[in-house]
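Report on the structure given below.
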Amino acid sequence: MATCSLRLFDTATGTVRSLELRDPGRVGMYVCGPTVYDVPHLGHGRFSLVFDVLRRYLQFCGLQVRYVSNITDVDDKILDRAEREGRAPSAVAGEFEAVWWRAMDALGVGRPDETPHATAWVEAMVAMVADLVGRGVAYETDDGVYLDVEQVPGYGLLALQPLDSLRAGARVESSVAKRSPLDFALWKKVAAFGAFGAFGAGGAGGAGGAGGAGGAADVFGAADAGGAGDVAGAGELWWPSPWGPGRPGWHTECVVMSLGLLGDGFDLHGGGQDLRFPHHENERAQAVAAGRTFAQHWAHNGFVEVDGEKMSKSLGNFTSLTDLLAQADGRAYRLLVLRSHYRKPIEVNPATVADAEEGLARLDGIARRFPAAAAAGAAATTADRALAAGADPEAVATFRVAMDDDLDTGGALAGVFELVRRANAAGDAGQAAEAERAATTVAALAGALGLALQATVDEVDAATAALVAQRDAARATKDWARADAVRDELVGRGWIVEDGPSGTAVRRKVPSR
RNA sequence: GGCGGCGUGGCCGAGUGGUUUAGGCAGGGGCCUGCAAAGCCCCGUACCCGGGUUCGAUUCCCGGCGCCGCCUCCA
């Protein structure tokens, strides 16, 4: 029976509590995805990994998970970039969405079940905003439609501060005619409305979400002002609405899409710590103001800290996920992220990444030494299957205890490494059955964390293969001097040389670097 | 100004009111190996500072210091 005994920190209550499911056995989770206006940075990588692991673990426990994560493809930053580079917003969004998925693939992050694009949901957003206006909790101004947060009960829940306190801390008051500095835009009117043809947009709205990359391209109603891209018209993006042409505010999309795809009272809403306030607070406020039941549980992951100045100059800047993935195995970053608790800040720099790569190599050693067991374990995506495949019940239980405790991946990982030791030790002692069992468990548990062990035989070029053959020949005749010389040559070329019963084997010093 | 988080051995990082410890990486010793590599065995004795609670605190409470973040549509 698929029981979920996971306890997770809930930002809304500030406590670690059991994840209560709306429908037993099924989990609906919504995680705020990226605004595709630039390449992803390390923080994007972290939240993607954290929630990917949560999703995998829930599945490991036997639950059926519906994972929704959006792509924000209409946003000031996208428009700014489009304007600056003189191209269509859809081109900017399309480019960076593609980059996003490539990075996700490299990290081994599974694709969401649904990937709603904001531009495909504008009609539904307009409907919600209209509903809020109708209820008297939202009001129109010269430049848009705002939510009156004073009227939302419990505003400040996720900020962990009462409304008064937030109001007091609010910074520079904008010139806009907002009733409160905390009120936020549900709808933004397009100011410099340059194109006067028929409304080009017409949201493709509706349910279903046009999941998948690039699906958003044709719904853009880019109203490029004719002629030179002078005023604010170039690259503008707008849709019709009762308040005139405009575009939705950021917070609106996530409310509409999460409720639209997962329904009222869905189980879990997640994202980075910085989304807690104001983004999630404002999503919640809208839902509450609209009389809807929103997420039952809120999860937020901590930040990535990079020893900025010092590091970027001397050792290479890792703030871009793309850069990191160009230099290191995506699995190493996953391991690095999993080593610490998801709510704590993590330090990412060349040293910690290298450290993780070494740890990864140790894990991969299991796949090299016990390929059959590793394959069997990897194929088991649930605890039940892992046990059926011969995994150690006790180790699996220990793993689950750690994971159930607010996703203590660090503790869970410690258990996995302990199993690595046991597998190798048993192997050394000739206890094949015990070794296989431990190895199977390692692969299954690592797999539950999204770490696919690789026995990868790196591609060996002809020259290297020739050197390996020379070493084997030299060793066969006990020509140690010659054998050592060849090894030095191989090492010099970046290979790790290991002599085994079947001869010399080589693998790359640092995986995929 | 308001709020939140963090400060653990060389590094990264779990965890806990006290008997025996996370784990990884690096390092030292040993086994294995022609020599290595990989693997195995053994080793460091840490918990920001000052108070308090307690028989006893790294772990609880208070204060301080330091670092980070949020209060601006930043994961």
Side-chain angles (χ1 to χ4, degrees), chain A residues 11 14 31-35 37-38 40-51 72 75-77 156 159-162 164-172 174 181-182 184-185 188 249-253 270-279 281-282 300-305 321 335-336 339-341 343-349 351-363 365 368-369 402 405 408-418 420-429 475 478-481 483-484 487-488 491 495-500 504-507:
Chain A
T11 310
V31 175
C32 285
T35 297
Y37 70 96
D38 202 351
H41 55 68
L42 295 178
H44 292 106
R46 163 118 103 151
F47 94 73
S48 301
L49 288 167
V50 164
F51 289 102
T72 297
D75 173 271
D76 290 353
K77 288 182 174 142
L160 304 178
Q161 294 189 66
D164 288 348
S165 168
L166 286 166
R167 197 190 293 115
R171 299 189 194 166
V172 211
S174 63
L182 293 172
F184 58 91
K188 296 178 162 189
W250 180 35
H251 315 303
T252 307
E253 67 172 272
Q273 197 64 249
D274 48 354
L275 255 35
R276 211 185 64 206
F277 188 92
H279 184 53
E281 185 75 51
N282 290 347
H300 294 99
N301 64 273
F303 293 108
V304 169
E305 290 177 1
L321 223 206
L335 186 58
L336 177 53
R339 254 180 352 191
S340 64
H341 188 82
R343 286 191 282 124
K344 284 196 169 182
I346 56 168
E347 174 67 27
V348 179
N349 61 48
T352 59
V353 171
D355 188 282
E357 288 188 303
E358 293 304 324
L360 183 63
R362 180 166 163 77
L363 244 25
R368 282 195 298 275
R369 184 168 180 179
D405 179 15
D408 178 10
T409 50
L413 227 31
V416 172
F417 276 100
E418 174 61 23
V420 169
R421 202 210 88 244
R422 266 170 52 191
N424 283 320
D428 286 358
R475 293 185 70 231
K478 297 194 190 304
D479 180 357
W480 307 131
D484 290 352
R487 178 172 58 202
D488 289 345
V491 170
W495 295 94
I496 286 175
V497 180
E498 292 180 352
D499 297 332
T504 290
V506 294
R507 61 192 165 89

* Please measure how far the P atom in B:G17 lies from the corresponding atom in B:A26, and state the result in whole Å. => 32 Å

* What interatomic distance, in whole Å, is found between C1' of B:G29 and the corresponding atom of B:G15? -> 29 Å

* Asked: With a non-hydrogen cut-off below 4.0 angstrom, is A:Gly365 in contact with a base, only sugar-phosphate, or nothing?
  -> nothing

* Structure fact -> B/S/- along nucleotides 11-24 of chain B (protein heavy atoms under 4.0 Å) is -SSS-------BSB

* **OP1 or OP2 of B:C40 under 4.0 Å from side-chain N/O of A:Asn424** => yes

* To do: Starting at atom CD of A:Glu305, determine the distance to atom P of B:G7, rounded to an integer number of angstrom.
  => 11 Å

* Have a look at A:Pro278 and say if it touches a base, only the backbone sugar-phosphate, or nothing, with a 4.0 Å heavy-atom cut-off. => sugar-phosphate

* **Closest approach of A:His279 to A:Cys32 (non-hydrogen atoms, all atoms of both residues)** => NE2-SG, 3.5 Å

* Asked: Which whole number of Å gives the distance between the C1' atom of B:U58 and that of B:U53?
  -> 16 Å

* Structure fact -> To the nearest angstrom, the CD-C1' distance between A:Gln273 and B:C71 comes to 13 Å

Please list, for nucleotides 31-35 of chain B, all pairs of protein and nucleotide N/O atoms separated by less than 3.5 Å.
residue	atom	partner	partner atom	Å
B:G34	O6	A:Arg471	NH2	3.3
B:G34	N1	A:Asp484	OD1	2.9
B:G34	N2	A:Asp484	OD1	3.2
B:G34	N2	A:Asp484	OD2	2.7
B:C35	O2	A:Arg487	NH1	3.2
B:C35	O2	A:Arg487	NH2	2.3
B:C35	N3	A:Arg487	NH1	2.9
B:C35	N4	A:Asp499	OD2	3.0

* **Watson-Crick/G-U partner (both atom distances under 3.5 Å) of B:G39** => B:C31

* Structure fact -> Applying the 3.5 Å cut-off to both distances, the Watson-Crick or G-U partner of B:U45 turns out to be none

* **Nearest-nucleotide comparison on RNA chain B, the residue closer to the 5′ end among A:Cys32 and A:Gln161** => A:Gln161

* **Gap in Å between the two P atoms, one belonging to B:G66 and one to B:U21, rounded** => 34 Å

* In whole Å, what is the span from the CZ atom of A:Arg422 to the P atom of B:C41? -> 12 Å

* Asked: Salt bridge or not for A:Asp38 and A:Lys77, using N-O below 4.0 Å?
  -> no

* Under 4.0 angstrom, heavy atoms only, what part of the nucleic acid is A:Val491 near: base, sugar-phosphate, or nothing? -> nothing

* **Atom-pair distance (CG on A:Leu275; C1' on B:G5), nearest Å** => 17 Å

* Structure fact -> Scanning all shown strands, the Watson-Crick or wobble mate of B:G4 with both distances under 3.5 Å is B:C68

* To do: Sticking with atom P, work out how far B:G9 lies from B:C49, rounded to a whole angstrom.
  => 11 Å

* To do: Let me see the working for A:Phe51 and A:Asn301 under side chain to side chain contact (heavy atoms under 4.5 Å, CB included), right down to the final yes or no.
  => CA-CA 9 Å; A:Phe51 289 102; A:Asn301 64 273; 3.6 Å; yes

* To do: Between B:U59 and B:G51, how far apart are the P atoms? Round to whole Å, please.
  => 13 Å

* Provide the distance between the two P atoms, one in B:U20 and one in B:C60, to the nearest whole Å. => 23 Å

* Asked: Mind checking the P distance from B:G2 to B:G64? Whole angstroms is fine.
  -> 12 Å

* What does A:Gly45 touch in the nucleic acid at a heavy-atom separation under 4.0 angstrom: a base, only the sugar-phosphate, or nothing? -> nothing

* Structure fact -> Shortest non-hydrogen pair, A:Arg46 vs A:Pro345, comes out as NH2-CA, 3.6 Å

* To do: Please determine, by modelled atom types, if A:Thr504 and A:Glu498 share a side-chain donor-acceptor pair under 3.5 angstrom.
  => no

* To do: May I have the distance from A:Asp428 (atom CG) to B:C41 (atom P), rounded to whole angstrom?
  => 8 Å

* Structure fact -> Walking RNA chain B from its 5' end, the first of A:Val497 and A:Phe277 to be reached, judged by nearest nucleotide, is A:Val497

* Asked: Starting at CD of A:Glu357 and ending at C1' of B:A26, how long is that distance when rounded to a whole Å?
  -> 15 Å

* **salt bridge (charged side-chain N to carboxylate O under 4.0 Å, His left out) partners of A:Asp428, counting only residues at least two apart** => A:Arg369

* Asked: Would you find a donor on one side and an acceptor on the other, under 3.5 Å apart, between the side chain of A:Asn349 and the backbone of A:Thr352?
  -> yes

* **Paired nucleotide for B:C25 [Watson-Crick or G-U wobble; both distances under 3.5 Å]** => B:G10

